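Single-structure report; data block below.
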2 protein chains.
Amino acid sequence: MENELDHADCPVTATIALFGGRWKLLILYVLSRNTRRFGEIQVRIPAISKKVLTEQLRELEADGLISRKEYKELPPRVEYALTDFGKSLCPLLIDIAAWKRKNIG
Amino acid sequence: MENELDHADCPVTATIALFGGRWKLLILYVLSRNTRRFGEIQVRIPAISKKVLTEQLRELEADGLISRKEYKELPPRVEYALTDFGKSLCPLLIDIAAWKRKNIG
DNA sequence: AATAGTGGTAACCTAAAAGTGACTAATGGA
DNA sequence: TCCATTAGTCACTTTTAGGTTACCACTATT
């Protein structure tokens, strides 16, 4: 018989965990078009609160998908951008979207 | 400026919602190898409880990924199988796993 | 009369994620 | 003097997914 299975070992699970958060895909999409300041992201995703946006950005940063650059100015100025690793995700996301168009519409 | 973005419109979000549940990938994996009865799935994924297995199966069925065939016997006998739509997902999952191997290891 | 076998349900609990609203630091400008 | 600005934090509540345990129907077998 097959071995017992455990989802912790699943490479698909591990991969979608990178961008599976409630707002992460949208954030990645926004940053894929341009480096953006915190407030610029908020304007483009108005339904997200500051707290949650901060959390999602921190997680994306921790996973190496985006970078955070803080300029020591006042008022504060922080720029977020995709890292190379983050950019490497884009073709995969495009594949997923293409699968949807083909199989669901 | 770009339109406001809402994650409900995101094709990637819609797609991963199909298999993003806690145990769905594992269930799909099990069924990709063979049609299985409820109890056979349980044995292969021992960490999942009956209640949650039932829930996940119902959702997969509602999304059209698997089929449920009940034989009117006693004791009960129910067989779950991938639908064609469910099978169409496999190449995509393989792509995602391949991306992981290439970009993460 | 009791038990095993199968595919569930019902009632309840818990932890994590997400959401809300008020608040802050530090400066320039009116 | 007071406000605007920016990128947050803090304390709190709500929502949701998932988990636990007990129980059920119906028959064949012992």
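By convention in this document, chain letters (A, B, ...) are assigned in the order of the sequence lines, proteins followed by strands, and residues within each chain are numbered from 1. Quick caveat: nothing in here was measured; it's all calculated off a predicted structure.
- With sequence neighbours excluded, the residues satisfying side chain to side chain donor-acceptor pair (under 3.5 Å) with Glu59(A) are Lys24(A).
- For Cys90(B) against Leu82(B), the heavy-atom pair with the smallest separation is SG-CD1, 4.3 Å.
- Remark: Leu74(A) in residues 69-78 of chain A come within less than 4.0 Å of DNA chain C through at least one heavy atom.
- Distance CH2 (Trp23(A)) to C1' (dG19(C)): 10 Å, rounded to an integer number of Å.
- Listed by chain and number, the residues in a side-chain contact (heavy atoms from CB on, under 4.5 Å) with Lys69(B) are Tyr71(B) (sequence neighbours excluded).
- In this structure a side-chain-to-backbone donor-acceptor pair under 3.5 Å is missing from Arg33(A) to Tyr29(A).
- Two residues, Arg68(A) and Glu59(B), neighbour DNA chain D, and the one matched to the more 5' nucleotide by heavy-atom proximity is Arg68(A).
- Chain A approaches DNA chain D within less than 4.0 angstrom (heavy atoms of the protein), and the contacting nucleotides run 5' to 3' from dT5(D) to dA11(D).
- Interface residues of residues 46-55 of chain A facing DNA chain D, ordered by number: Lys50(A), Lys51(A), Thr54(A); criterion, heavy-atom separation under 4.0 Å.
- In this view, Arg68(B) and Glu70(B) satisfy the salt bridge (Lys or Arg N to Asp or Glu O under 4.0 Å) rule, not counting sequence neighbours.
- For Ala47(A), the side-chain contact (heavy atoms from CB on, under 4.5 Å) partners at least two apart in sequence or on another chain are Trp23(A).
- A search for side chain to side chain donor-acceptor pair (under 3.5 Å) contacts involving Arg77(A) returns Glu79(A), not counting sequence neighbours.
- For the OP1/OP2 pair of dT6(C) and a distance below 4.0 Å, the side-chain nitrogens and oxygens of Arg36(B) include no atom meeting the criterion.
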Donor-acceptor pairs are to be reported for all side-chain atoms of residues 98-105 of chain A against protein atoms at under 3.5 Å, with residues two or more places apart or in another chain.
unit_1	atom_1	unit_2	atom_2	d
Trp99(A)	NE1	Ser88(B)	O	3.1
Lys100(A)	NZ	Gly105(A)	O	3.3
Asn103(A)	ND2	Trp99(A)	O	3.0

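- How far CZ of Arg58(B) is from CD1 of Ile66(B): 9.0 Å, rounded to the nearest 0.5 Å.
- Separating the CD atom of Glu40(B) from the C1' atom of dG7(C) is a distance of 13 Å, rounded to the nearest angstrom.
- The side chain to side chain donor-acceptor pair (under 3.5 Å) check on Glu55(B) picks up Lys51(B), with sequence neighbours excluded.
- Note on the helix from dA1(C)-dT30(D) to dA30(C)-dT1(D): terminal axis deviation equals 30°, with five pairs used at each end and the result rounded to 10°.
- Residues forming a side-chain contact (heavy atoms from CB on, under 4.5 Å) with Ala17(B) (at least two apart in sequence, or on another chain): none.
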| task | Test Val12(B) against Thr15(B) for side chain to side chain contact (heavy atoms under 4.5 Å, CB included), laying out the working first. | result | CA-CA 5 Å; Val12(B) 182; Thr15(B) 303; 5.7 Å; no
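- Atoms CZ (Arg58(B)) and P (dA10(C)) sit 11 Å apart, rounded to a whole Å.
- Across every non-hydrogen atom of Arg22(A) and Gln56(A), the tightest pair is N-OE1, 3.7 Å.
- Gln56(B) comes within contact range of the sugar-phosphate backbone alone, with a heavy-atom separation under 4.0 Å but no base atom that close.
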